Amino acid sequence: MPILGDTGGEEKGLGAMSKEKRVDVAIIGAGTAGLSACSEVRKATDNFVLLEAGPHGSTCARVGCMPSKVLLQVAHDFHRRHVLGQEGIYGSEHLKVDYRKVLQYVRSLRDHFVQGVLQTVEQLGDHNIQGRVRFREPTVLEVNGQVIRAKRVIIATGSSPIVPGEWQAFSDRILTTDTIFEQEDLPSALAVVGLGAIGVEIGQALARLGCQVTGITQSEHVAGLTDPKVTAYMRETLQHEFPIYTGTITEVAGEGTQLALRFGDRTTRVASILASVGRRPNIAQLGLDALGIPFDTHGLPLYDRTTLQVKGYPIFIAGDVDGDRAVLHEAADDGRIAGFNSVQDEPHCFQRRTRLSIVFCEPNVAVVGRPFAELRQQDIAVGEVGFERQGRAKVMAENTGLLRVYGDKQSGCLLGAELAAPRGEHLAHLLAWAIQKQMTVFDLLQLPFYHPVIEEGLRTALRDLSRQVQASRPGFELAVCDSNAVADLG
Ligand SMILES: Cc1cc2nc3c(=O)[nH]c(=O)nc-3n(C[C@H](O)[C@H](O)[C@H](O)COP(=O)(O)OP(=O)(O)OC[C@H]3O[C@@H](n4cnc5c(N)ncnc54)[C@H](O)[C@@H]3O)c2cc1C
């Protein structure tokens with residue numbers, strides 16, 4: 001049976017109750033994953049719809065990656081005043097920050113990025129339908145009372161911040177990333193509850209801007225790190241900027257204009273809470289549970305990670321809604337895979353890229369490839385470098401950091417790395433590329449390292465790793481070559 005193009009347009013249907021629209025593909029959610037899916041689907045058919053319930057613009061541009069990075073940039077710039085005096089630049093003690101202006105600036109850049117997404121959506125014209133979607137059948141959707149019958153459906157509905165139920169009574173003082181950038185002013189004292197990537201980024205930004213931040217987290221882990229040494233290092237580093245407590249909040253009580261948070265035997269009083277305790281997939285309101293689709297223990301339809309197809313159904317899952325690798329480039333890849341497969345007779349399996357996640361605090365935190373917690377300790381060798389004495393890091397007065405890189409103990413093949421490092425975002429990319437190309441530590445050490453650069457710190461860690469790998473290795477980093485064919489790679 002052909003997948004595409006044999007029917008289309010509008011017909012009377014479902015007992016002639018309402019006009020029925022028949023499409024090849026219906027994409028639910030116009031975020032990064034949905035729009036990427038759209039661009040793949042369009043290559044094969046013009047008979048598709050993109051259904052969006054909320055404001056357009058994508059989580060990334062509206063309330064996620066971009067506004068948070070603007071806020072962090074401002075905070076890091078302001079924080080830089082602490083090193084200017086030692087460089088002989090005076091007057092920084094007079095610098096002031098205007099929270100209202102900072103937030104206006106965040107929103108103005110945010111609007112610029114949103115505009116770019118809106119332009120993409122506008123180009124879709126009538127394909128784009130605004131409204132909340134519910135499933136009636138696995139391929140029959142309802143939106144604004146209209147029925148849409150699709151051959152294939154892509155669910156790309158993203159996720160939303162979790163606010164624990166008992167906090168709802170104080171909703172006017174509970175901030176999330178959906179609301180913080182909309183504030184006219186920043187609170188003077190705020191508890192950041194949950195110190196994953198988002199909590200650490202926003203917590204550090206607000207602390208650097210002068211808010212009195214208290215970090216509260218349920219476990220010892222911060223910023224998505226799993227390596228105990230890097231975790232302890234980063235936690236200690238953050239503690240210099242704002243206090244961090246481990247504990248579960250057992251009670252939130254209003255005390256006048258303040259909130260009293262009880263955790264363990266401690267009580268902290270703050271003006272507001274930033275709830276950064278995680279995000280929940282936007283799946284519950286879709287009505288999937290009435291369809292008889294099998295779900296996993298997290299309440300998600302069982303789906304094949306390589307094809308993104310829900311097992312046994314013409315439905316695909318893409319982006320943060322799957323709760324896996326909730327970062328932008330993965331959401332975009334998901335969208336491409338789901339979009340591509342939604343217009344094939346049989347879905348294709350796709351190899352995923354090496355895992356890479358970055359937190360833009362200072363020092364940057366990154367987890368690359370296989371996290372420490374996933375590796376069998378007896379199989380790996382670990383190379384390590386601290387950045388306190390690293391040349392370029394000292395020049396930049398950013399000499400804080402610890403990087404640990406993991407390699408196969410036998411072969412020296414790079415497997416993963418966790419780091420808190422100056423300019424760590426770039427080191428993380430180099431490592432991810434090397435891991436994806438299945439390079440060994442010896443391959444990497446043959447590549448050029450300029451001087452003086454942060455990458456020399458990475459080389460120190462690689463040399464440390466190479467010394468521990470059991471495989472026979474060159475006695476010299478430069479490759480030996482035949483004197484008749486001297487290679488000049490330049
Ligand atoms: C504060 C923050 C900072 C971040 N920083 C980074 C970063 O620096 N780097 C990075 O890689 N990632 C970052 N991320 C993650 C990144 O933003 C996400 O991975 C990405 O935006 C997910 O895209 P998506 O398409 O899956 O979801 P979304 O962009 O959320 O799109 C889902 C869409 O579906 C719509 N929808 C939901 N339910 C329905 C329904 N029933 N019917 C119709 N439409 C519906 C929603 O309104 C939404 O528009 C950050 C996220 C946050 C919150």
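Computed from a predicted model, the values in this text were never measured in an experiment. In each ligand, atom 1 is the first atom listed, and ligand 1 is the first ligand listed.
- Between the E52 side chain and the G54 main chain, a donor and an acceptor come within less than 3.5 Å of each other.
- Under 3.5 Å, the side chains of R279 and S159 contain a donor-acceptor pair of N or O atoms.
- A salt bridge links R22 with E20: the distance from a Lys NZ or Arg NE/NH1/NH2 to an Asp or Glu carboxylate oxygen falls below 4.0 Å.
- Residue-level proximity to ligand 1 for H56 is absent, since no heavy atom of it falls below 4.0 angstrom.
- Between the side chain of R81 and the backbone N or O of F78, at least one donor-acceptor pair lies under 3.5 Å.
- Between E52 and ligand 1 there is a heavy-atom distance shorter than 4.0 Å.
- The protein atom (non-hydrogen) at minimum distance from atom 27 (O) of ligand 1 is G158 CA, 3.4 Å.
- Between S58 and F113, the closest side-chain pair of non-hydrogen atoms is not below 4.5 Å.
- Of the heavy atoms in P67, none comes closer than 4.0 Å to ligand 1.
- At a 4.0 Å heavy-atom cut-off, ligand 1 touches A326 through the backbone alone.
- If you look at I198 next to ligand 1, the close heavy atoms, those under 4.0 Å, all belong to the side chain.
- For ligand 1, the polar-atom distance check finds no N/O of E201 at less than 3.5 Å from any of the ligand's N/O atoms.
- With a 6.0 Å radius and a threshold of 12 heavy atoms from other residues, nucleotides or ligands, Q438 has its CD atom at or below the threshold.
- Close N/O approach between I28 and ligand 1 is not found [any backbone or side-chain N/O within under 3.5 Å].
- When heavy-atom distances to ligand 1 are checked against a 4.0 Å cut-off, L51 comes that close only through its backbone atoms N, CA, C and O.
- The protein non-hydrogen atom at the shortest distance from atom 37 (C) of ligand 1 is T157 O, 3.3 Å.
- Which parts of ligand 1 touch G54 is read off a 4.0 Å heavy-atom cut-off, strictly below it: atoms 47 (O).
- At the shortest separation from atom 42 (N) of ligand 1 among protein heavy atoms lies V133 N, 3.3 Å.
- Heavy atoms of G131 come nearer than 4.0 angstrom to ligand 1 in at least one pair.
- Those atoms of ligand 1 that come under 4.0 Å of a heavy atom in T32, given as number and element, are 23 (O), 25 (O), 29 (O).
- Between D322 and R305 there is a salt bridge, with a side-chain nitrogen of the basic residue lying less than 4.0 Å from a carboxylate oxygen of the acidic one.
- With hydrogens and angles left out, the side-chain atoms of Y303 and D296 include no donor and acceptor closer than 3.5 Å.
- T246 and E220 share a donor-acceptor pair across their side chains, judged by distance under 3.5 Å alone.
- With ligand atoms numbered from 1 in the order given, ligand 1 contributes 22 (C), 23 (O) to contacts under 4.0 Å with heavy atoms of A331.
- Taking 4.0 Å as the cut-off between side-chain N and carboxylate O, D304 and K311 do not count as a salt-bridged pair.
- For the residue pair D111 and Q115, no side-chain donor N or O sits within less than 3.5 Å of a side-chain acceptor on the partner.
- Looking from atom 12 (N) of ligand 1 to the surrounding protein, the closest heavy atom is L328 N, 3.3 Å.
- Between D320 and ligand 1, at least one pair of N/O atoms sits closer than 3.5 Å.
- Proximity of V63 to ligand 1 is established by a heavy-atom distance of less than 4.0 Å.
- Looking at heavy atoms from C-beta onward, R149 lies out of side-chain contact with K21 at the 4.5 angstrom threshold.
- Any N or O atom pair closer than 3.5 Å counts here, and A33 shares at least one such pair with ligand 1.
- Set against the non-hydrogen atoms of R279, the atoms of ligand 1 under 4.0 Å away are 53 (C).
- Taking atom 44 (N) of ligand 1 as the reference point, the nearest protein heavy-atom neighbour is A53 N, 3.0 Å.
- Contact atoms of ligand 1 toward L286: 41 (N) (distance under 4.0 Å to a heavy atom of the residue).
- Defined by atom type and a distance below 3.5 Å, a donor-acceptor pair is missing between the side-chain atoms of Q212 and S188.
- Nearest to atom 2 (C) of ligand 1 by heavy-atom distance, out of G64, S276, S36, is G64.
- Annotation: T59 places an N or O atom under 3.5 Å from an N or O atom of ligand 1; distance criterion only.
- Between E142 and R134 there is no salt bridge, since none of the side-chain N atoms of the basic residue sits less than 4.0 Å from a carboxylate O of the acidic one.
- For atom 31 (O) of ligand 1, the closest non-hydrogen atom of the protein is G31 CA, 3.3 Å.
- Heavy atoms of K69 come nearer than 4.0 angstrom to ligand 1 in at least one pair.
- The closest approach between a heavy atom of E330 and any atom of ligand 1 is not below 4.0 Å.
- The side chain to side chain contact (heavy atoms under 4.5 Å, CB included) search around A420 returns V230, M234, P363, V365, not counting sequence neighbours.
- Counted by atom type alone, E362 and Q204 present zero donor-acceptor pairs between their side chains at under 3.5 Å.
- Of all atoms in ligand 1, numbered sequentially from 1 with element shown, those under 4.0 Å from a heavy atom of S68 are 3 (C).
- Taking each of C60, C65, G319 in turn, the one with a heavy atom nearest to atom 21 (O) of ligand 1 proves to be C60.
- Contact check on D334 versus R352 returns a salt bridge, with a Lys/Arg side-chain nitrogen under 4.0 Å from an Asp/Glu carboxylate oxygen.
- For ligand 1 and T177, the ligand atoms under 4.0 Å from any heavy atom of the residue are 1 (C), 53 (C).
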